[in-house]
Amino acid sequence: MNKYVEEVIAYVENKYAHQPEFVQTVEEVFTSIAPVVDRHPEYEKADLLRRMVEPERMFRFRVVWTDDQGNTRTNVGYRCQFNGAIGPYKGGLRFRDNVNESLIKFLGFEQTFKNSLTGQPIGGAKGGSDFDPAGKSDGEIMRFCQSFMTALYRYIGPDIDVPAGDIGVGSREIGYLYGQYRRLKGTFENGVITGKGLSYGGSLIRPEATGYGAIYYLQEVLKHENDTIGGKKIAVSGYGNVSWGIMKKAAQLGAKVTYMSGSAGYIHDEEGISTPEKLQFILDLRASNSKDLKSYADRFGCEFYPNQTFWGADDVDIYMPAATQNEVGMEEAKKIVASGARYYLEVSNMPTSNKAIEYMKSNGIIVAPSKAVNAGGVGVSALEMSQNSERLSWTEEEVDAMLKRMMKGIYAKSVEAAKRYGLGYDLIAGGNIAGFEKVAEAMMEQGLF
Ligand code: NDP
């Protein structure tokens with residue numbers, strides 16, 4: 001491998017050993033882009049890679065709020081403005097008890113290259129808090145969001161940094177966050193945040209965009225294999241916003257999601273989680289702030305398997321992890337290979353260990369990276385920003401057509417980049433290279449800082 005790339009990876013492994021998720025993503029991206037650095041010796045002189053692994057700005061802040069019993073509660077908030085070379089910082093906010101600096105930094109790093117892949121002018125960022133909305137009342141969530149935004153509002157703006165949702169942050173939280181921003185700033189700058197409700201500038205299709213985009217990308221992969229989506233059985237981890245979008249689009253195209261999971265176990269529904277009634281049940285379950293996935297099995301007469309995961313089930317054609325990071329390690333990868341499934345598309349951010357990816361690829365499974373597969377969400381967020389700045393609203397059909405074009409473009413760019421570097425059909429390397437090239441070029445042209 002390129003000496004300079006090796007040196008920077010070793011530097012990150014050493015300096016950030018206490019941030020394992022961040023180290024993992026740097027190893028994965030920089031290993032892929034080593035052939036690009038071979039062709040661009042000027043990157044070493046400008047120390048481009050070491051600059052890329054340091055966020056332009058990252059801060060943490062105190063978030064104090066009052067619970068329903070009148071107790072004072074304190075959480076930690078984060079915002080990492082990782083790279084603004086190609087546009088305003090852009091990336092979601094995650095509210096979950098396991099949020100820490102390593103998670104936010106890895107997500108911000110990934111987001112930089114993902115946003116570049118979309119072809120939209122957006123830089124990379126991520127933020128969040130160790131506050132978990134599950135089990136909290138509406139009033140508690142509102143007070144937390146107001147306090148969070150009070151700490152953050154000075155550092156964001158439609159041309160500076162544009163947050164959005166992620167795990168634990170849906171349209172309810174976005175509404176409270178934007179309401180507080182508006183109250184503090186006294187202006188209607190709705191381009192400051194995306195994932196908004198339709199009544200104040202949200203985009204049609206945004207709630208579905210990540211899941212729909214993942215299925216559009218899957219269709220391109222299947223086309224390459226002379227295969228089609230009709231009749232396919234899909235296993236999806238999570239039953240959140242992204243998983244719901246996958247289920248809905250898969251059903252429209254004649255496939256079915258037969259497995260879904262949460263942190264407490266999984267569901268196997270042989271009939272498919274496909275009907276409007278089932279899809280609505282999932283939406284209602286999430287909105288209720290409950291994690292009672294078993295209630296789905298009780299309602300629709302199928303099995304719930306507590307405290308288990310479904311990796312390696314023998315009646316799955318396509319695996320789509322869509323819950324969280326580090327879902328699939330070597331143990332799970334071996335089961336997936338043994339099950340005979342052909343396709344593994346990452347949807348959540350970094351669900352797979354680097355070793356597990358290599359193992360699945362070398363055993364003939366087609367693996368696609370989350371950076372490309374889930375990019376439709378932020379892609380439509382960028383379209384939401386455009387609609388806000390131009391004060392217009394595109395129709396559902398228009399946004400959906402743009403999303404589809406974007407996903408086809410991301411797939412094509414990834415295939416082309418891998419081919420150009422003699423790497424064959426490698427969606428992971430190709431996605432990393434295509435995302436990296438534009439950011440690298442912009443940083444080189446903007447001089448040293
Ligand atoms: P949601 O909060 O809507 O749903 C998250 C789902 O993941 C829930 O079903 C939850 O189940 C499950 N989950 C979370 N943590 C764990 C865990 N530690 N173990 C097992 N299951 C877990 O989030 P989203 O659907 O929005 O996001 C899912 C993934 O997709 C994330 O990785 C996110 O970064 C990524 N993503 C999301 C985008 C978006 O547009 N929303 C865009 C791009 C990427 P339970 O509640 O039972 O724990």
Side-chain angles (χ1 to χ4, degrees), residues 21 25 90-99 103-104 106-108 110-111 114-115 117-118 122 124 126-128 132-135 163-174 194-195 202-203 205-214 217 236-248 257 259-267 273 282-283 285-296 304 306-311 320-328 332 345-352 369-382 384 403 407 410:
E21 290 86 1
T25 186
K90 177 95 196 83
L93 297 172
R94 178 176 292 193
F95 291 170
R96 184 101 182 174
D97 49 8
N98 64 356
V99 164
L103 279 191
I104 296 299
F106 114 69
L107 289 162
E110 281 278 299
Q111 194 82 42
K114 175 193 320 194
N115 290 2
L117 255 185
T118 65
I122 40 179
K126 199 78 191 187
D132 195 334
D166 190 72
I167 292 178
V169 180
S171 59
R172 171 187 46 199
E173 289 76 16
I174 293 290
T194 59
S203 176
I205 302 281
R206 177 59 190 94
E208 293 90 345
T210 308
Y212 279 20
Y217 187 100
V236 172
S237 61
Y239 57 99
N241 173 257
V242 174
S243 308
W244 166 78
I246 291 174
M247 292 166 192
K248 203 169 156 190
V257 171
Y259 289 88
M260 68 174 163
S261 61
S263 42
Y266 76 87
I267 292 281
I273 307 159
I282 290 169
L283 275 189
L285 181 59
R286 278 187 56 235
S288 72
N289 273 356
S290 140
K291 292 183 179 175
D292 182 17
L293 190 52
K294 182 175 176 297
S295 60
Y296 178 96
F304 174 68
N307 305 317
Q308 293 179 55
T309 58
F310 53 58
W311 311 109
M320 299 181 83
T324 188
Q325 66 283 345
N326 299 329
E327 299 184 58
V328 171
E332 292 79 11
L345 274 74
E346 295 186 329
V347 192
S348 47
N349 288 304
M350 206 173 73
T352 328
S370 55
K371 195 178 285 109
V373 178
N374 73 26
V378 73
V380 171
S381 280
E384 183 173 330
L403 169 63
M407 296 313 296
I410 289 169

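Since the model is a prediction, treat every value here as computed from it, not as a measurement. Both ligands and their constituent atoms are indexed starting at 1 by order of listing. In what follows, every heavy atom counts, from backbone to side chain, and hydrogens, waters and symmetry copies are set aside.
Counting only N and O atoms by type, the side chains of R206 and S381 include a donor and acceptor under 3.5 Å apart. There is a side-chain donor-acceptor pair under 3.5 Å between E327 and S237.
At least one side-chain heavy atom of W244 sits under 4.5 Å from a side-chain heavy atom of E208. Residues V257 and M247 are in side-chain contact: their nearest non-hydrogen atoms beyond the backbone lie under 4.5 Å apart. At least one side-chain heavy atom of Q325 sits less than 4.5 Å from a side-chain heavy atom of N98. Between S290 and L285, the closest side-chain pair of non-hydrogen atoms falls below 4.5 Å.
Ring geometry for Y259 versus Y266: interplanar angle of 30 to 60°, hence tilted.
Taking atom 34 (O) of ligand 1 as the reference point, the nearest protein heavy-atom neighbour is D166 OD1, 2.6 Å. Distance from atom 18 (N) of ligand 1 to its nearest protein heavy atom, with residue and atom name: T324 CG2, 3.7 Å. Scanning the protein for heavy atoms near atom 4 (O) of ligand 1, the closest one is G240 CA, 3.3 Å. In terms of protein heavy atoms, atom 44 (C) of ligand 1 is closest to N374 ND2, 3.4 Å.
Less than 4.0 angstrom separates some heavy atom of S263 from each of these atoms of ligand 1: 11 (O), 19 (N), 20 (C), 21 (N), 45 (P), 47 (O), 48 (O). Which parts of ligand 1 touch R94 is read off a 4.0 Å heavy-atom cut-off, strictly below it: atoms 31 (C), 32 (O), 33 (C), 34 (O). Residue K291 approaches ligand 1 through these ligand atoms, each under 4.0 Å from one of its heavy atoms: 46 (O). Listed by atom number, the atoms of ligand 1 under 4.0 Å from S348 heavy atoms are 29 (C), 30 (O), 32 (O). Against a heavy-atom cut-off of under 4.0 Å, N349 is close to the following atoms of ligand 1: 32 (O), 33 (C), 34 (O), 35 (C), 44 (C). Annotation for ligand 1: atoms under 4.0 Å from non-hydrogen atoms of R286 are 3 (O).
Between N349 and the choices K114, Q111, K371, K126, the side chain to side chain donor-acceptor pair (under 3.5 Å) rule is met once, by K114.
The proximity of E110 to ligand 1, defined as any non-hydrogen pair under 4.0 Å, does not occur for either the backbone or the side chain. At a heavy-atom cutoff of 4.0 Å, ligand 1 is contacted by the backbone of A322 but not by its side chain. No part of Q325 comes within 4.0 Å of ligand 1, judged by heavy-atom distances. The part of T210 lying near ligand 1 is the side chain, judged by heavy-atom distances below 4.0 Å.
In this comparison of A323, P133, G168, P321, the heavy atom closest to atom 13 (N) of ligand 1 sits on A323. When the options I282, V373, V242 are ranked by their closest heavy atom to atom 30 (O) of ligand 1, first place goes to V242.
Here's the thing with Y239: one of its N/O atoms is less than 3.5 angstrom from an N/O atom of ligand 1. Considering backbone and side-chain atoms together, N241 places an N or O closer than 3.5 Å to an N or O of ligand 1.
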Could you walk me through whether R94 and D132 pass the salt bridge (charged side-chain N to carboxylate O under 4.0 Å, His left out) check? CA-CA 9 Å; R94 178 176 292 193; D132 195 334; over 6 Å; no
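With hydrogens and angles disregarded, a donor-acceptor distance shorter than 3.5 Å links the side chain of N374 to the backbone of V347.
Counting all heavy atoms, side chain and backbone alike, S348 lies closest to T324 at OG-O, 3.1 Å. Between K90 and P163, the shortest heavy-atom contact is NZ-O, 3.5 Å.
Remark: distances from the non-hydrogen atoms of R96 to ligand 1 include one below 4.0 Å.
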